[in-house]
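First the proteins, then the strands, lettered A, B, ... as listed; each starts at 1.
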Number of protein chains: 2
Amino acid sequence: MRRGIAIATIRDVAKLAGISVSTVSRFLNKSGYVNAETEQSIKNAIEKLNYAPNQVARGLAGKKTNTIALILPDISNLFFSDLARAVEDVAATYGYTVIFGNSDDQGTKEKRYIETLKQKYIDGIIFASNTFGHEDAEMLTKLGIPFVCLDRGPDEQNFSVVRSKNREGAVMAVQHLRDVGCRKIAHIYGPQHLVTGKERLIGFEQSVQGFDWYTPTLLEPADFRIAGGMKATERLMERHPDIDGIFAGNDLMAVGALKALHRMGIRVGEQVAVCGFDGIQTTEITAPELTTIAQPIYDMGALISRLLIKKIEGNLEEDRLYELDVKLIARESTLRRKNGI
Amino acid sequence: MRRGIAIATIRDVAKLAGISVSTVSRFLNKSGYVNAETEQSIKNAIEKLNYAPNQVARGLAGKKTNTIALILPDISNLFFSDLARAVEDVAATYGYTVIFGNSDDQGTKEKRYIETLKQKYIDGIIFASNTFGHEDAEMLTKLGIPFVCLDRGPDEQNFSVVRSKNREGAVMAVQHLRDVGCRKIAHIYGPQHLVTGKERLIGFEQSVQGFDWYTPTLLEPADFRIAGGMKATERLMERHPDIDGIFAGNDLMAVGALKALHRMGIRVGEQVAVCGFDGIQTTEITAPELTTIAQPIYDMGALISRLLIKKIEGNLEEDRLYELDVKLIARESTLRRKNGI
DNA sequence: GTGAAAGCGCTAACAT
DNA sequence: ATGTTAGCGCTTTCAC
C-alpha cells in the first residue's frame, strides 16, 4: 500500500448511500436515470467521504484516460514552449491532462513515445515534431489513436493539420522590406524538408522573381537556428556587400543575422533591414527590436488542442487543413528611413 | 471499443506459450523464478504477438504508473522551459513519462492539479511553482505522494529541495561589477516572498553595506519580468543619475534594464554595467550580450527529476537541500573598460 | 429506477 | 518452478 491514507472508492459511496455501485456510477457519468432522492443521498455520501473517482480504474474499464500527449522537437525551444502553454491551457479547460515528449526530431525517440503512449491508453496525440511521417500516421490510425499535426503539407489526409500562411507571410515580409526602401533583399531559408522552410522560400522567390536585382545567390540555406543564421548572414554579406534587406526564414535565424551584422559593424535598420518569421517573445528583446511576421502561436496551440479533443470525443466533423493568418509586426530592425512604416 | 485493432494481453501470451498468466507476469517483472525454457517460450510468444504490458492495468493493480508531474508557473517562461527539458530527459531515461501543469502561481490551479494527479495515481510531483506551501506539503505527505521542490527555503523538512547559491551569486555579481570599475551600484530586486528574490537581495546588501556610496534608495523592487525591470531602471536612474552599475535580480529584469537604458540613450557596458541572474538562453541574444550569474538550469532540472524518481523507488537516503553552484558569465553588458575582466 | 455480476489487464498472495 | 485466484476501482450489459 503506497498511499498514506485510505481513499474512498465508489463502493464506499454506495454503501454509505445505501444503494448499489452501479447507481452511483450512473450518477457519476450521467448515464441512465437516477431518482432525485437517490441522487441527493449519493451527493451527500460523496461529500462526506470526499470521494473522487479513480481515473486509473476508469481508464482500465473505459479505455479513456483524459490525457493527451504533445510530441515536439524540444520544449526549451521558444516557439514550442509558447505552443505548449496554449495546448495545456485548452486541455485543462476540457478536463484533460497533458504529457509532453521531446523528440529532438529523431524518429526513434518519437516512435518510442508512441509506443509508451499506446500502453498508457493516452486519448490522443498532437505532433509538432518534424519527423512525423506517413508510416506513423498509418500506425496510429490502425491503433485507433486520434492525432493532429502542426505544420504538415496541405496534401495530408486522415488527420487535421494546423499551420499558418507561410507563403503569404513571406510575401508580406518582402513587401514590407520594399516598402521601407530595400532594393536588394536576401533570404536565409530553413530546412527544405519542413513545410515552414519550403513555403517561406517559395513565397520569397515568388515575390522577388520579377526584379532585375534578384539573383539566386541572394539565397542562403540555414538550419532555423541562431548560429546558422549568423553564418548565413556572413556569407551573404560577403557575396553581396550591397544587400540592404534580409528576410530570415524564422526568428532565430533573424536574431543570428542581427548578431552577425552587429559584429560586422553594420547598423541594422539603417543600413540593412532585417525581418524574421514566427513572432516568438524574443523578438521583443533584441536591440534593435526585431520586425517579424508573427504566427498566432498561442492560437495555433489552442486550436490544435481543441481539434484533438473534439476528435477524441467524436465531435470533429471532418479532418482538414487549418491555415491561420500571420501578421506583420514592424519594429526597429526595419526602420530604414523616416518615411518607412 | 475505441481501439482499431485487437491488442494482445498477458493472457494471450500465456496461452500461446502454454503456461499460466502468473508465470508470464513473473517473467515480465522479474519477480520470482522462471525456467530457462519457459522463459524462451514466453519471449517467443511476446515477440509473435507483439505484446506490451498495458500500463493502465498495471497502474490499477500496482498503484504505480511510471508517470511524474511537473508543476511550474508557466512553461512558456524561458527559465522553466529549460528546466522542463532537463526533467523530461532524465525521466525518459528512467522510463517515466511526464505531465506538466501551469499554475500561474495561483494556489487554486495548483491544488486542482494535485487533485487530478492523485486520482491518476501519478507517482510523484516536482514543484517549481511558487505557491506551493506548507499545507500542500502536508496534504501530499498524508496522501503518500512523493514530491520534491525547486527554490524553497533551507528550513524545509520532509522533502528535498534543489536550488542554487543565490546569496553567493549576488555577492559574485557585486564583486564583478566593482571589478569592472562600478562605484555606485543599484539593485533591482525580485518579489520577497520568493527565496530567489530574497536571497539575492540579502547577498547584495551584504556586499554593499560597507561602502560610503551605498544608500537604500539604490534598491528598487520589481516583479521578475521585463516590463518591471524597465520601470525600476527608470526610477533608479531618475533618483541617481550617476549609477554606473545595476544588478538585476533575474535576467528578465536585466533585459528590461537594458531596454530602458537604451531608450534613455545610455550606453550599456560603457556608462552603466548591467548584470543579471539565471543564465537563460536569452542572455546571449541581447545586444549587448548580457552578463549574468548563471544557474545550472539543466543540471537543476536533471537533479530534481532524479531525486524524485529515487524517492519514488525508495532509493533516496534522506531528504535534504541541494544548493548548486552558480557561475559568472561575463559578457558585453559589463565591459566597462579595457582593463575590465 | 435500481441492482448483480462480468470484465477491463495486470499483480501478488497462496497453494502445489 | 508454476498455476489458481482474488482483487485493483470502475463501467456496463442485462435483469428485475
Can you tell me which nucleotide in [options] comes closest to the side chain of [X]?
X        : options               : value
B:Tyr121 : D:dC10, C:dC10, D:dC8 : D:dC8
B:Ala57  : C:dT2, C:dC10, D:dT2  : C:dC10
B:Ile19  : D:dC10, D:dG3, C:dT11 : D:dG3
A:Ser22  : D:dT2, C:dG3, D:dT11  : C:dG3
B:Ala61  : C:dG9, C:dT2, C:dG3   : C:dG9
B:Arg11  : C:dA4, C:dC10, D:dA1  : C:dC10
B:Val34  : D:dT2, C:dT11, C:dG9  : D:dT2
B:Thr9   : D:dG3, C:dC10, D:dG9  : C:dC10

Establish, yes or no, whether the cationic atom of A:Lys311 lies under 6.0 Å from the six-membered ring centre of A:Phe147 and within 45° of the ring axis.
yes
Is B:Lys30 positioned over the aromatic face of B:Phe27, cation under 6.0 angstrom from the ring centre and no more than 45 degrees off axis?
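Here B:Lys30 passes the 6.0 Å and 45° test against B:Phe27.
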OP1 or OP2 of C:dG3 sitting under 4.0 Å from any side-chain N/O of A:Tyr33?
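Result: no.
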D:dC10, OP1 or OP2 - any side-chain N/O from A:Ser25 closer than 4.0 Å?
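It does not, given that no N or O in the side chain of A:Ser25 lies less than 4.0 Å from OP1 or OP2 of D:dC10.
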Take the protein atom [atom1] of [X] and the nucleotide atom [atom2] of [N], then report the distance between them rounded to whole Å.
X        : N      : atom1 : atom2 : value
B:Asp12  : C:dG9  : CG    : P     : 9 Å
A:Lys15  : C:dT2  : NZ    : P     : 20 Å
B:Lys118 : D:dG9  : NZ    : C1'   : 15 Å
B:Asn29  : C:dA13 : CG    : P     : 12 Å
A:Arg26  : C:dG3  : CZ    : C1'   : 7 Å
A:Ile10  : D:dG7  : CD1   : C1'   : 16 Å
B:Asn54  : C:dT11 : CG    : C1'   : 13 Å
B:Phe27  : C:dA12 : CZ    : C1'   : 18 Å

Would you tell me whether B:Lys120 and A:Thr97 have side-chain atoms, one donor and one acceptor, within less than 3.5 Å of each other?
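The criterion, which ignores hydrogens and geometry beyond distance, is satisfied for A:Thr97 and B:Lys120.
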Any side-chain donor-acceptor pair under 3.5 Å between A:Asn66 and A:Tyr94?
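No - no donor-acceptor pair under 3.5 Å links their side chains.
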Nearest-0.5 Å distance, CG of residue B:Leu72 to OH of residue B:Tyr113:
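Rounded to the nearest 0.5 Å, the CG-OH separation comes to 9.0 Å.
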Taking any heavy-atom pair under 4.0 Å as a contact, classify A:Leu60: base, sugar-phosphate, or nothing.
base
Look at all strands and tell whether B:Ser31 reaches a base, only sugar-phosphate, or nothing, counting heavy atoms closer than 4.0 Å.
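Result for B:Ser31 = nothing.
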Would you kindly compare B:Thr38 and A:Gln55 by the position of their nearest DNA chain D nucleotide and give the one closer to the 5′ end?
B:Thr38
